Amino acid sequence: GQQLNQSPQSMFIQEGEDVSMNCTSSSIFNTWLWYKQEPGEGPVLLIALYKAGELTSNGRLTAQFGITRKDSFLNISASIPSDVGIYFCAGQYTGGFKTIFGAGTRLFVKA
Amino acid sequence: EAGVAQSPRYKIIEKRQSVAFWCNPISGHATLYWYQQILGQGPKLLIQFQNNGVVDDSQLPKDRFSAERLKGVDSTLKIQPAKLEDSAVYLCASRSLGDLKPKNYGYTFGSGTRLTVV
């Protein structure tokens, strides 16, 4: 079945460091989404990307839709303790908007 | 705007018992999804509703799982009988078809129901 490869699986960083995570797929997607999930909560949408090559920012977060439409990355600049959580990439097809999620990147930030 | 409401938050049952989860999506959201999230994994789609009709249930284990959205608003997901491997968080999400300005193809998720089967 469809599969997204998200890496790294986990990251342990110091407060103030920049973070980069990415997602690759064997399938072409029309939309890439990045979510953050905190313990006991559902995922919350951070950034949505709608066309190949698109670069979008949301505060300290920047994400890009790969040219091949098979990959995406998310950068977090100047990390802070509240950035702790699990970050999921998700690829979305048009039509029924079927969405496939990656396995997540677990981010730990040390103050 | 109120979010997606789910209940209960937690449920512990024995294997072979039955269980039901409830979801109330954001008002006006025509599309509703049920996802299963096993510990350490990303959410996996179980079923998608458009109003009260099923759009995609290809990954729903229909021998034990069922879902309905009778009036196109609330939805229930049922497992009968439960197995140990059904232990997971069950997430409900909703989206408005008309929510295109600004473009937003992302879902709004509820907080989920954590099911433990013992």
Side-chain angles (χ1 to χ4, degrees), chain A residues 1-10 21-25 29-51 54 56-58 61 63 65 69 72 74 85-106, chain B residues 3-10 21 23 25-26 29-51 53-60 88-114:
Chain A
Q2 306 98 333
Q3 194 170 5
L4 293 185
N5 297 309
Q6 189 171 350
S7 65
Q9 286 188 331
S10 59
M21 59 191 79
N22 67 80
C23 212
T24 60
S25 171
F29 293 109
N30 290 298
T31 303
W32 280 95
L33 306 166
W34 285 92
Y35 286 86
K36 178 186 179 186
Q37 187 174 30
E38 298 186 13
E41 299 298 329
V44 174
L45 182 66
L46 298 173
I47 290 179
L49 302 157
Y50 301 106
K51 59 182 182 180
E54 180 180 355
T56 297
S57 293
N58 178 8
L61 278 60
F65 193 143
R69 296 167 63 194
S72 178
L74 175 70
I86 305 175
Y87 291 81
F88 290 100
C89 63
Q92 195 172 74
Y93 302 99
T94 52
F97 293 96
K98 184 173 182 178
T99 304
I100 309 297
F101 283 81
T105 293
R106 286 145 188 80
Chain B
V4 176
Q6 290 188 247
S7 67
R9 285 300 307 269
Y10 306 94
F21 313 126
C23 173
I26 291 173
H29 280 195
T31 310
L32 183 147
Y33 310 82
W34 282 101
Y35 278 83
Q36 180 193 58
Q37 187 176 22
I38 293 172
L39 186 65
Q41 299 182 17
K44 184 187 87 171
L45 179 69
L46 293 175
I47 189 167
Q48 176 185 342
F49 290 96
Q50 183 71 28
N51 296 308
V54 175
V55 173
D56 183 355
D57 63 356
S58 56
Q59 298 191 84
L60 186 74
V89 175
Y90 290 85
L91 294 163
C92 179
S94 70
R95 186 177 61 83
S96 170
L97 281 182
D99 189 16
L100 296 179
K101 288 187 178 182
K103 281 196 297 186
N104 181 7
Y105 297 155
Y107 310 156
T108 299
F109 281 91
S111 297
T113 295
R114 181 175 296 278

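Here is the naming used below: chain letters follow the sequence lines, and residue numbers restart at 1 for every chain. Values in this document were obtained by computation on a predicted structure and should not be read as measured data.
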(request) List the steps and the verdict of side-chain contact (heavy atoms from CB on, under 4.5 Å) for B:Gln37 and A:Phe88. (result) CA-CA 12 Å; B:Gln37 187 176 22; A:Phe88 290 100; 3.3 Å; yes

As an exercise, state the distance from [atom1] of [X] to [atom2] of [Y], rounded to the nearest 0.5 Å.
X: B:Arg95; Y: A:Thr99; atom1: CZ; atom2: OG1; value: 8.0 Å
X: B:Phe109; Y: A:Gln37; atom1: CZ; atom2: CD; value: 8.5 Å
X: A:Lys98; Y: B:Asp56; atom1: NZ; atom2: CG; value: 5.0 Å

(request) Tell me, for B:Ser58 versus chain A, whether the close heavy atoms (under 4.5 Å) come from the side chain, the backbone, both or neither. (result)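 Only the side chain of B:Ser58 comes within 4.5 Å of chain A.
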
(request) Measure distances from A:Gln9 to the heavy atoms of chain B and classify the residue's part below 4.5 Å as side chain, backbone, both or neither. (result)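 It is neither, since no heavy atom gets under 4.5 Å.
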
(request) Taking all heavy atoms of B:Arg9 and all of A:Gly40, pick out the closest pair and write down the distance. (result)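 What the structure gives for the nearest pair is NH2-O, 2.6 Å.
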
(message) Could you report the tightest heavy-atom contact between A:Gly42 and B:Leu91, atom names first, then the distance?
(response)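 So the two residues come closest at CA-CD2, 3.9 Å.
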
(request) List for me each residue that meets side chain to side chain donor-acceptor pair (under 3.5 Å) alongside B:Arg114, sequence neighbours excluded, and say none if there are none. (result) none

(message) Among B:Cys92, B:Gly112, B:Gly42, which residue has the highest count of heavy-atom pairs closer than 4.5 Å to chain A?
(response) B:Gly42

(message) Suppose we screen for ring-ring contact (aromatic ring centres under 6.0 Å, His included). Which residues come up paired with B:Phe21, at least two apart in sequence or across chains?
(response)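 ring-ring contact (aromatic ring centres under 6.0 Å, His included) list for B:Phe21, sorted by chain: B:Tyr90.
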
(message) Between A:Tyr35 (side chain only) and B:Tyr107 (backbone N and O only), is there a donor and an acceptor less than 3.5 Å apart?
(response)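 Yes; at least one donor-acceptor contact below 3.5 Å.
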
